[in-house]
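What follows is a short report on a single structure.
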Amino acid sequence: MKQSQLFAPTLRETPNDAEVISHQLMLRAGYIRQISSGVYTYLPLAFRVIKKIEQIVREELDAIGGVEMLLPTLVPADLWKESGRFSTYGPEMMKMEDRNQRDFILGPTHEETFTKLIRDEIRSYKQLPLHLYQIQTKYRDEKRPRFGLLRCREFIMKDAYTFHDSEESLNEMYVQIRNAYKNIFERVGLNFQVVTADAGAMGGRESQEFMALSSIGEDTIVYSTESDYVANLEMATSKFRKKTNTAIKHDKELSHTPDMKTIEEVANYLNVPTRQLLKAVLFVADEQTPVMAIVRGDHEVNEIKVRMAVNAQEIAPATDEQIKELFDDLPAGFVGPVDVPEAVAVVADLYVQNMVDAVCGANQKDHHYINVNPGKDFEPEKYADIRMVQEGDESPDGEGVLKFSKGIEVGHIFKLGTRYSESMNATVLDKNGRNIPIIMGSYGIGISRLLSSVVEQNADDQGIVWPTSIAPFDIHIIPIQLKNEDQAQLASELVELFEARGYDVLLDDRNERAGVKFNDAELFGIPLQITIGKKASEGIVEVTIRKTGEMVETKKEDILDTISILTSRD
RNA sequence: CGGGAAGUAGCUCAGUUUGGCAGAGCACCUGGUUUGGGACCAGGGGGUCGCAGGUUCAAUUCCUGUCUUCCCGACCA
């Protein structure tokens with residue numbers, strides 16, 4: 001392809017709207033342009049990379065029996081009302097009306113649409129299992145789009161759905177897909193981790209996320225220094241060691257703590273460490289049951305774990321009004337587990353068991369209790385792991401300690417179970433002729449997010465540095481002086497030679513100065529540059545490796561060998 | 001949704017304090033000279049100063065409202 005025909009407007013300066021490297025470079029190198037907040041045009045270079053990523057995805061999924069198809073982006077809202085997600089998914093949905101005032105949404109994901117299709121078309125367990133996937137533009141009206149392609153309102157996603165008549169079948173497929181995902185992310189050259197994740201939000205059971213390691217990631221990955229334990233922060237646990245408390249427990253006393261609402265204020269006022277306090281946080285589970293979560297003062301409550309501990313579908317922090325209602329106008333800050341109202345379920349973290357003579361809110365304005373002891377002064381309905389792990393905690397397998405790093409979620413796989421098939425009545429007849437709900441899985445890869453994650457991990461001061469597997473072109477041919485006949489001749493010879501061998505070749509046929517061409521080439525990030533200069537008359541060119549900057553001179557007769565040696569080394 | 005910042009040429013940004021002809025560099029067009037790391041000379045084109053209203057003889061500049069974009073947080077996955 002001739003560069004004069006490629007639409008790749010490069011920018012000398014960094015546009016002021018771009019903060020992170022991948023965003024800056026994709027703008028500067030002429031890969032993308034913004035059209036609105038969180039909405040981008042993919043220019044030819046980006047589109048070529050996307051097609052290469054998609055090709056890898058297709059190869060890996062087809063290899064395990066996945067079948068590609070395409071669903072509409074436009075989805076009638078009624079389907080989402082059936083599953084119940086129309087109300088729970090909330091303002092993230094792009095909503096619209098047609099001319100007859102019928103409600104539609106632009107699909108943020110397609111569990112409903114697939115479930116309806118399968119419900120209507122599949123009758124017998126004999127037609128299962130099925131693994132269907134699509135690569136499609138999705139819409140989520142993010143509150144805050146950010147970081148270029150990393151968090152967009154319109155983005156490209158590969159979503160797959162599987163349908164089964166048994167858990168075994170689902171489990172088998174889940175493992176196959178997980179392996180396919182690993183292959184995909186390895187092939188595109190991503191540095192990633194597979195972590196245990198929360199499946200609850202999608203209404204399922206087991207779930208794992210594929211995280212691109214990156215300092216700009218919005219998710220926290222927890223890993224062990226010694227073992228291979230890795231988890232999403234939401235799901236991470238640590239080793240809890242219960243102490244046998246021999247310390248003398250004192251009787252609880254009421255203490256006056258005027259206006260002391262926060263953990264720090266109370267700890268300072270009473271001159272005790274924060275770890276001596278009981279932190280009480282109120283939630284409402286499934287919009288009805290109040291839940292008091294108790295953790296040690298220096299710990300944080302993990303909302304997801306609370307939700308799992310009380311077996312709720314969803315959970316939300318209690319509002320100030322709800323707290324006042326339950327606790328008789330008590331200002332937040334003085335609630336505690338002693339003598340809680342009947343309606344409130346109390347769940348305490350495991351570490352609370354180890355506490356002696358703790359301090360907690362007295363459920364009276366301006367008062368805390370001191371010398372409170374679990375088991376003596378209060379008894380939670382349940383002890384469970386409901387706290388956020390902290391760096392330095394012992395790994396749950398007892399090997400090493402936990403550390404944190406940041407990651408970008410580029411893939412997510414869920415065992416959905418019957419969450420959608422039950423609410424939408426998708427059943428098949430089993431061997432005994434009885435209706436059973438179809439068991440489902442769903443699996444996603446953020447294609448456009450993957451593109452920017454790879455750039456985030458593969459760039460230097462000069463520009464992008466593509467892994468060879470998804471580079472927009474394999475070889476960038478740069479004649480310094482196209483007017484020079486030797487150079488022009490040699491350039492077109494090489495283009496033909498490489499294209500005949502199946503390489504994607506970009507020829508910089510522009511009448512630009514060498515510096516401009518080199519700078520653009522470095523921005524583009526094509527793995528190999530072939531510079532044709534003065535020695536063209538002798539049939540000698542330079543091959544430069546974008547990644548290392550290494551340059552070798554080679555005769556045109558040897559160029560194929562040189563290139564295959566250089567590429568195989570990668 | 002809370003906090004912060006910014007909207008002036010395609011891009012980066014001055015000018016606004018103290019109201020008085022709309023600016024620079026890069027980019028673009030024409031001609032010429034150049035040609036191995038973002039050339040040079042000469043000439044030229046390009047603006048609803050985000051939008052609306054107000055104050056004023058006069059508003060890019062002051063006031064009010066509003067829209068958009070970015071950042072931090074919350075939220076979401």
Side-chain angles (χ1 to χ4, degrees), chain A residues 9-20 23-24 27-30 33-40 85 88-94 108-109 111 138-148 150-153 155 157 159 195 197-204 207-211 216-220 232-235 303-304 314-317 319 407-414 442-446 449 461-463 478-484 487 508 510-523 529-536 540-542 544 549 551 553:
Chain A
T10 53
L11 302 173
R12 187 181 295 214
E13 284 166 290
T14 302
N16 145 28
D17 281 352
E19 192 75 8
V20 300
H23 190 195
Q24 290 177 352
L27 285 170
R28 282 193 59 205
R33 284 295 182 263
Q34 184 176 39
I35 200 78
S36 171
S37 180
V39 184
Y40 288 84
R85 279 210 291 184
T88 55
Y89 209 85
E92 306 268 301
M93 273 187 299
M94 285 283 189
T109 172
E111 281 76 12
K138 298 277 191 278
Y139 297 85
R140 290 184 193 168
D141 196 356
E142 295 284 349
K143 276 178 196 155
R144 179 142 107 82
R146 63 178 120 177
F147 299 157
L150 281 173
R151 179 168 293 264
C152 275
R153 296 195 296 169
F155 57 98
M157 180 161 147
D159 49 326
V195 308
D198 170 43
M202 294 287 283
S207 170
Q208 282 167 309
E209 286 171 338
F210 292 77
M211 294 287 198
I216 63 159
E218 300 179 76
D219 297 88
T220 301
N232 185 314
L233 179 60
E234 294 166 346
M235 295 295 286
E303 200 172 313
I304 306 240
E314 51 126 7
I315 199 163
T319 61
I408 301 163
E409 181 190 341
V410 288
H412 203 157
I413 56 178
F414 294 92
S442 94
Y443 319 82
I445 293 179
R449 180 181 275 189
D461 292 344
Q462 319 309 322
I478 306 165
I480 295 299
Q481 235 328 338
L482 210 66
K483 283 179 192 158
N484 175 301
Q487 295 188 23
D508 192 345
R510 300 172 306 161
N511 184 24
E512 291 285 356
R513 300 176 71 81
V516 174
K517 292 187 175 192
F518 291 143
N519 279 311
D520 281 351
E522 275 145 16
L523 277 172
Q529 298 159 6
I530 297 182
T531 309
I532 302 177
K534 291 198 186 84
K535 292 187 182 167
I540 293 174
V541 298
E542 294 162 14
T544 308
M551 188 269 280
E553 282 196 345

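Reckoned from all heavy atoms, side chains included, excluding hydrogens, waters and symmetry mates. Labels below follow one simple rule: chain letters A, B, ... track the order of the sequence lines, proteins then strands, and each chain is numbered from 1.
- Closest to the A/F414 side chain, of the nucleotides B/A77, B/G37, B/C72, is B/A77.
- Within the structure, every side-chain polar atom (N or O) of A/T14 is placed at least 4.0 Å from both OP1 and OP2 of B/C11.
- Atom C1' of nucleotide B/G32 and atom CG of A/N511 are separated by 14 Å, given to the nearest angstrom.
- When Watson-Crick and G-U wobble pairs are counted only if both distances are under 3.5 Å, B/C28 pairs with B/G44.
- If you measure from atom CZ of A/F147 to atom P of B/U69, you get 17 Å, rounded to the nearest angstrom.
- Listed nucleotides B/C11, B/G38, B/G36 differ in distance to A/T10; the shortest reach to its side chain belongs to B/G38.
- Across B/G32 and B/G38, the matching P atoms stand 24 Å from one another, rounded to whole Å.
- Nucleotides B/C13 and B/G46 place their P atoms 25 Å apart, quoted to the nearest Å.
- Distances from the side chain of A/R146 to the nucleotides B/A77, B/G73, B/C76 place B/G73 closest.
- Nearest heavy-atom pair, A/L482 versus A/Q487, reported as atom, atom and distance to 0.1 Å: N-OE1, 4.5 Å.
- With 3.5 Å as the limit, one finds no donor-acceptor pair spanning the side chains of A/T531 and A/Q529.
- Look at CG on A/D219: it is 11 Å from C1' on B/C76, rounded to the nearest Å.
- Distance A/E218 CD to B/A77 P: 13 Å, rounded to the nearest Å.
- Rounded to the nearest Å, the gap between the P atom of B/U35 and that of B/U17 is 50 Å.
- Using a 4.0 Å heavy-atom cutoff across all strands shown, A/K517 reaches no nucleic acid atom at all.
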For A/T14 and A/Q24, what are the C-alpha separation, side-chain angles and deciding distance, and is it a side chain to side chain donor-acceptor pair (under 3.5 Å)? CA-CA 6 Å; A/T14 302; A/Q24 290 177 352; 4.8 Å; no
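- With A/R153 contributing its side chain and A/G38 its backbone, the two residues share no donor-acceptor pair below 3.5 Å.
- In this model, no side-chain donor or acceptor of A/E512 finds a partner on the base of B/G37 within 3.5 Å.
- In a base pair of the Watson-Crick type (N1 to N3 plus N6-O4 or O6-N4) or a G-U wobble (N1-O2 and O6-N3), with each distance short of 3.5 Å, B/C75 is matched with no nucleotide.
- Separation of the P atoms belonging to B/U61 and B/G19 is 12 Å when rounded to the nearest angstrom.
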Report the C-alpha separation of A/M157 and A/I445 in whole Å, then their side-chain angles, then the decisive distance to 0.1 Å, and conclude whether the side chain to side chain contact (heavy atoms under 4.5 Å, CB included) test is met. CA-CA 6 Å; A/M157 180 161 147; A/I445 293 179; over 6 Å; no
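- Base pairing analysis places B/C70 opposite B/G4; the two distances defining the Watson-Crick or G-U wobble pair are each below 3.5 Å.
- For A/P317 and A/N519, each mapped to the nucleotide of RNA chain B holding its nearest heavy atom, the one lying further toward the 5' end belongs to A/N519.
- Rounded to a whole angstrom, the distance from the C1' atom of B/A59 to that of B/C1 is 35 Å.
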Take A/E142 and A/R151 through the test salt bridge (Lys or Arg N to Asp or Glu O under 4.0 Å) and record every step on the way to the result. CA-CA 8 Å; A/E142 295 284 349; A/R151 179 168 293 264; 3.1 Å; yes
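- Checking side-chain atoms of A/Q34 against main-chain N and O of A/S36 turns up a donor-acceptor pair under 3.5 Å.
- Shortest non-hydrogen contact noted between A/I413 and A/F210 is CD1-CE1, 4.0 Å.
- When the nucleotides B/G37, B/U69, B/C71 are ranked by their closest atom to the side chain of A/E522, B/G37 comes out on top.
- Mapping A/H23 and A/K483 onto RNA chain B via the closest heavy atom, the residue that lands nearer the 5' end is A/K483.
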Could you run down the sub-3.5 Å N/O contacts of the protein with nucleotides 2-9 of chain B?
none

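- Residues A/E303 and A/I315 come closest through the heavy atom pair OE2-O, 3.4 Å.
- The distance from atom CD of A/E92 to atom C1' of B/C75 is 8 Å, rounded to the nearest whole Å.
- Of the candidates B/G38, B/C71, B/G36, the closest approach to any side-chain atom of A/E542 belongs to B/G36.
- Between B/G73, B/C70, B/G38, one nucleotide has an atom nearer to the side chain of A/Q34 than all others, and that is B/C70.
- Listed candidates were B/G36, B/A77, B/U35. Nearest to the side chain of A/E234 is B/A77.
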Tell me, with the steps shown, if A/R146 and A/E19 meet salt bridge (Lys or Arg N to Asp or Glu O under 4.0 Å). CA-CA 9 Å; A/R146 63 178 120 177; A/E19 192 75 8; over 6 Å; no
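- Distance, A/K534 NZ to B/U35 P: 10 Å, rounded to whole Å.
- Residue A/R28 is in base contact, counting any heavy-atom pair closer than 4.0 Å across all strands shown.
- Going from the C1' atom of B/A24 to that of B/U66 covers 31 Å, rounded to whole Å.
- Both distances falling under 3.5 Å, in either a Watson-Crick or a G-U wobble arrangement, place B/U64 opposite B/A52.
- A donor-acceptor contact under 3.5 angstrom links the side-chain atoms of A/E13 to the base of B/G25.
- The gap from the P atom of B/A9 to that of B/G23 amounts to 14 Å, rounded to the nearest Å.
- Considering every non-hydrogen atom in both A/A197 and A/H412, the closest pair reads CB-NE2, 3.8 Å.
- Taking atom CD of residue A/E142 and atom P of nucleotide B/C1, one finds them 15 Å apart after rounding to whole Å.
- Distance from the side chain of A/E409 is smallest to B/A77 among B/U35, B/C76, B/A77.
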Enumerate the protein-to-nucleotides 39-42 of chain B contacts in which both atoms are nitrogen or oxygen and the separation is below 3.5 Å.
{"unit_1": "B/A39", "atom_1": "OP2", "unit_2": "A/R513", "atom_2": "NE", "d": "3.1"}
{"unit_1": "B/A39", "atom_1": "O4'", "unit_2": "A/R513", "atom_2": "NE", "d": "3.4"}
{"unit_1": "B/A39", "atom_1": "N9", "unit_2": "A/R513", "atom_2": "NH1", "d": "3.3"}

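- Minimum interatomic distance between A/L27 and A/R33 (heavy atoms only, all atoms of both residues): O-NH1, 2.7 Å.
- For the atom pair A/F518 CZ and A/T544 OG1, the distance stands at 7.5 Å (nearest 0.5 Å).
- Between B/U68 and B/U8, the two C1' atoms lie 15 Å apart (nearest whole Å).
- Protein atom CD1 of A/I480 is 12 Å distant from nucleotide atom P of B/G38, rounded to whole Å.
- B/U33 and B/A39 make up a base pair, with Watson-Crick or G-U wobble contacts both under 3.5 Å.
- Note on A/S37: a side-chain N or O is less than 4.0 Å away from OP1 or OP2 of B/C70.
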